[in-house]
Asker: 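Below you will find the structure I want to go over with you.
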There are 2 protein chains.
Amino acid sequence: MTRVLVVDDEPQITRALVINLKARKYDVDAASDGATALQLAAARHPDVVVLDLGLPDMDGVEVIKGLRGWTRVPILVLSARHSSDEKVEALDAGADDYVTKPFGMDELLARLRAAVRRAEPTGGGEDDVIVETAAFTVDLAAKKVHRDGRDVRLTPTEWHLLDVLVRNTGRLVGQRQLLQEVWGPSYGTETNYLRVYMAQLRRKLEADPSHPKHFITEPGMGYRFER
Amino acid sequence: MTRVLVVDDEPQITRALVINLKARKYDVDAASDGATALQLAAARHPDVVVLDLGLPDMDGVEVIKGLRGWTRVPILVLSARHSSDEKVEALDAGADDYVTKPFGMDELLARLRAAVRRAEPTGGGEDDVIVETAAFTVDLAAKKVHRDGRDVRLTPTEWHLLDVLVRNTGRLVGQRQLLQEVWGPSYGTETNYLRVYMAQLRRKLEADPSHPKHFITEPGMGYRFER
DNA sequence: GCGGGGCATCAGGGTTGCGTCAAGGACGTC
DNA sequence: GACGTCCTTGACGCAACCCTGATGCCCCGC
C-alpha cells in the first residue's frame, strides 16, 4: 500500500486530505508542523509527501531541504502563495510539484498519482523473481539458469516452456495449454514437441534426467514443475 | 547538455520557449504537431518534453500515450484548459506536470528543472557509474571507455547500445527492447543492426572478439552483458 | 501372455539466425 | 568541393535450433 505523509497546520484541510486519501486505499500519516513532519518521514518512510509551506514552526522550504538531505521521496507542495518566486524557490529546493490553494481534490490526487508513478522502480530494476530448487536456480527476469556454479544455456523454446512451468510451480499444466502458450494457439495435439523439449530441459537441469525430480510427467494430462 | 523537446502549434510561444531555453544552455528541438513530436522524440531522445495539448493533428493525450509506450522521459504539459478533468486525464495518461496558460516563464523553468532533476540516475551513489571488467573499464557518466591503458573511441550508436547493456548487467536484454531503446520505437525487427553494432563493440572492447566473454549472444532472444 | 497407447530418447535434415565483410549514402568539417 | 566519420544495407558462410520420424520402453487393459 502506498504511504502518504500529509503536512498541514490547518486541521480542516488535513482532515479533508486524510479522508480522501484513506478512501482511496492510501496509508496516511499526518503532521501539523515541520519538526513532526521530518520525524514522521524518518520513522515511516512515506512513498510521497504532501507539504503545506505555511507551517507554524519553520519555513516550508527548510522542511524540503531537511527531507532532501537523505531521501528522494516525491514532495508535493501545497501553498496559498501564488507568487512565482515562492514556487521557484520551493521547486529548486527539491519539491516535485507545486499546487496553489484552493485546489481541486481531483487534480491533487492526479498529481499525487503522477508523483508516485514516477518514483516507481525503473523497468530495469532488480525486482528479479528467483526460483530455487535443490539442483538449480532460475531467474525469470534475467533469463538465467544457474547450476553447479555455472550458467546453463537454454534455447528460446526451452526458455518459453520453462517459463510457463515455473510460473505454475506445483500446479499441473495441461498438454494443450503448454502447446498453445509456447507454440501458439493453433497447436494443441503435437504432444511429441513436448516430449522432445521436456527431455532437453531435464537433460540440462535435472541431476538424473531419467528420474526427474522437478519436471514431473502426469501421463495423459500434462507436466508439473516442483521445486 | 540537457535536451528539451518543445511541442506547440503557436509560433510565438514556441519561440519564447526556445529563446529562453537556449539562453540557459539547453539543447532545444521544436515540433508544431503531434506526429512530428513523436518522430523527433524517437530520433533525438530528449531529456524532457514540453507539450502543448492543443495540437492541430492529434489529441495531446494521444501524444502522451505514444511517448509512454516506450519511454519514461518527463513530460511537462502546457495547456490553455483549466478544467480539472483535462488535468486529471493528462496526468493519468502519463504526464509529469501540468501548467496552465498563461504561465510565468520563471515557474515553467523551475518545473522543468524539477522534472529533469527527478529523472536523474537514482541516488545510489557513485558505485554504479564505473563498471569494470577483466578487459576494459566503462564510465557511463563520463562516457569513457578505458582499455589497455588507453581510451577507446565509440560512436554515438555504439555508446547507446553499450549503455543499455551495461545498465542491465547480467540480465538478458531482448533484441526488440534493444532496438527500441537505441534506434527508437518504430524499430523492432531490424536485428541486422544489432549484429553489426555488437560486432563493432566486440572488436573494440573484447580481448578476443570472435570469442566474446562479456557481450554474450543468446540466440533467438537477445544479448547479455557480463562483467 | 499379448497387444496397444503414451512416453523417453536419439539422430538426421531443413530452416533460421548469427557473424563478418564490404559498399553505398548521409552528414558535418575543413 | 574534398575528405572523413558514421549509419545503413545487402550478401555470404556457418553454426545452432527446431521439427520430424524411428525405435524401444513401460504401464495398462484385455
Side-chain angles (χ1 to χ4, degrees), chain A residues 143 151-163 165 172-176 178-184 186-224, chain B residues 27 29 39 42-45 143 145 151-163 165 172-176 178-184 186-224:
Chain A
K143 289 259 189 300
D151 287 338
V152 181
R153 263 186 38 79
L154 297 183
T155 72
T157 311
E158 287 163 6
W159 259 113
H160 212 146
L161 184 59
L162 178 64
D163 194 79
L165 288 169
L172 169 69
V173 187
Q175 307 181 335
R176 170 172 222 86
L178 276 175
L179 283 165
Q180 296 195 345
E181 288 211 34
V182 177
W183 278 269
S186 60
Y187 292 76
T189 55
E190 297 81 348
T191 56
N192 47 325
Y193 291 13
L194 292 178
R195 287 198 284 281
V196 171
Y197 279 91
M198 287 302 302
Q200 289 178 359
L201 275 183
R202 283 167 176 158
R203 183 151 35 84
K204 291 185 177 179
L205 300 180
E206 291 272 6
D208 181 359
S210 52
H211 299 95
K213 287 197 160 43
H214 302 104
F215 299 96
I216 316 291
T217 303
E218 299 282 357
M221 311 198 45
Y223 294 86
R224 176 204 315 276
Chain B
D27 192 0
D29 295 318
Q39 195 180 329
R44 304 271 292 164
H45 289 269
K143 288 252 183 295
V145 178
D151 283 342
V152 181
R153 258 182 44 79
L154 296 183
T155 72
T157 309
E158 287 163 6
W159 259 115
H160 211 145
L161 184 59
L162 179 64
D163 193 78
L165 288 169
L172 171 71
V173 188
Q175 19 198 17
R176 167 170 292 269
L178 276 174
L179 283 165
Q180 296 198 343
E181 289 211 32
V182 177
W183 278 268
S186 61
Y187 293 76
T189 56
E190 296 80 350
T191 55
N192 46 325
Y193 291 14
L194 291 178
R195 289 200 290 278
V196 171
Y197 278 90
M198 287 302 302
Q200 288 177 359
L201 276 182
R202 283 168 177 158
R203 183 147 26 88
K204 291 185 177 179
L205 300 180
E206 290 272 5
D208 180 359
S210 53
H211 300 95
K213 288 200 159 41
H214 302 104
F215 299 96
I216 315 291
T217 303
E218 297 284 356
M221 306 200 292
Y223 294 86
R224 179 200 313 275

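Here is the naming used below: chain letters follow the sequence lines, and residue numbers restart at 1 for every chain. Treat the numbers as computed from the prediction; the structure is a model and nothing was measured.
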Asker: Do the rings of Tyr193(A) and Tyr187(A) sit parallel, tilted or perpendicular, given the 30° and 60° boundaries?
Answerer: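 The arrangement is tilted - the two ring planes meet at 30° to 60°.
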Asker: Rounding to a whole Å, what distance do you find between Trp159(B):CH2 and dC6(D):P?
Answerer: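 Whole-Å distance recorded here is 14 Å.
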Asker: Under 4.0 Å between any heavy atoms, over every strand shown, what does Arg153(B) touch: base, sugar-phosphate, or nothing? Just pick one.
Answerer: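 The answer is sugar-phosphate, as Arg153(B) gets under 4.0 Å only of primed atoms, P, OP1 or OP2.
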Asker: Report the distance from atom NE2 of His211(B) to atom CD of Glu206(B), rounding to the nearest 0.5 Å.
Answerer: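 Answer for the NE2-CD pair, His211(B) versus Glu206(B), is 11.0 Å.
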Asker: How long is the gap from CZ on Arg176(B) to OG1 on Thr189(B), to the nearest 0.5 Å?
Answerer: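 Arg176(B) CZ to Thr189(B) OG1: 7.5 Å, rounded to 0.5 Å.
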Asker: Counting only side-chain N and O atoms of Trp183(B), is one of them less than 4.0 Å from OP1 or OP2 of dC7(D)?
Answerer: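 For dC7(D), neither OP1 nor OP2 has a side-chain N or O of Trp183(B) closer than 4.0 Å.
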Asker: Return the value, rounded to whole Å, for the distance between atom NE2 of His160(B) and atom C1' of dC6(D).
Answerer: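 Rounded to whole Å, this separation is 16 Å.
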Asker: Using side-chain heavy atoms (C-beta onward) and a distance below 4.5 Å, is Glu158(A) in contact with Val152(A)?
Answerer: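 Heavy-atom side-chain distance check fails, nothing below 4.5 Å.
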Asker: In whole angstroms, how far is the P atom of dT20(C) from the CZ atom of Arg202(B)?
Answerer: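 Between P of dT20(C) and CZ of Arg202(B): 7 Å.
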Asker: How long is the line joining CG of Asn192(B) and C1' of dA23(C), in whole Å?
Answerer: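 About 15 Å, once rounded to whole Å.
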Asker: Calculate the interatomic distance between Glu206(B) atom CD and dG19(C) atom P; express it in whole Å.
Answerer: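 In whole Å, dG19(C) P lies 12 Å from Glu206(B) CD.
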Asker: Gln200(B) has an atom CD; how far is it from atom P of dT8(D), in whole Å?
Answerer: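 It works out to 11 Å between those atoms.
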Asker: Separation of Tyr197(A) atom OH from dC7(C) atom P, in whole Å?
Answerer: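 Spelled out: OH on Tyr197(A) to P on dC7(C) is 18 Å.
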Asker: Can you tell if the side chain of Leu161(B) reaches within under 4.5 Å of the side chain of Met198(B), non-hydrogen atoms only?
Answerer: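 Leu161(B) reaches Met198(B) side chain to side chain.
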Asker: So what does Thr217(A) touch, heavy atoms closer than 4.0 Å: a base, only the sugar-phosphate, or nothing?
Answerer: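 Sugar-phosphate, no base atom in range.
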Asker: Determine: side-chain N/O of Tyr193(A) to OP1/OP2 of dT20(D), distance under 4.0 Å, yes or no.
Answerer: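 Yes, such a contact exists.
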Asker: Please tell me if Arg195(B) has a side-chain N or O lying less than 4.0 Å from either OP1 or OP2 of dC18(C).
Answerer: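 Answer yes for this pair, as a side-chain N or O of Arg195(B) is under 4.0 Å from OP1 or OP2.
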Asker: Looking only at side-chain atoms of Val196(A), point me to the closest of dC17(D), dG10(D), dC10(C).
Answerer: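 The listed nucleotide nearest to Val196(A)'s side chain is dC10(C).
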Asker: Take the protein atom CG of Leu161(A) and the nucleotide atom C1' of dC18(D), then report the distance between them rounded to whole Å.
Answerer: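 It is 14 Å, rounded to the nearest whole Å.
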Asker: Give Arg203(A) one of three labels, base, sugar-phosphate or nothing, depending on what nucleic acid heavy atoms sit under 4.0 Å from its own.
Answerer: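 It contacts nothing in the nucleic acid.
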Asker: Look at the side-chain N and O atoms of Thr155(B) and state whether any lies under 4.0 Å from the OP1 or OP2 oxygen of dT5(D).
Answerer: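 No, because none of the side-chain N or O atoms of Thr155(B) sits under 4.0 Å from OP1 or OP2 of dT5(D).
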Asker: Let me spell it out: for each of Pro156(B) and Glu190(A), pick the nucleotide of DNA chain D with the closest heavy atom. Which residue's pick is nearer the 5' end?
Answerer: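 Checking each residue's closest nucleotide, the 5'-ward one belongs to Pro156(B).
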Asker: Determine the contact category for Tyr223(B): base if any of its heavy atoms lies under 4.0 Å from a base atom, sugar-phosphate if only primed atoms, P, OP1 or OP2 are that close, otherwise nothing.
Answerer: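 Sugar-phosphate, no base atom in range.
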Asker: Using a 4.0 Å heavy-atom cut-off across all strands, classify Gln175(B) as base, sugar-phosphate, or nothing.
Answerer: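 Touches sugar-phosphate only.
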Asker: For dA8(C), take OP1 and OP2 only and decide whether either is under 4.0 Å from a side-chain N or O of Ser210(A).
Answerer: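 No, no such contact exists.
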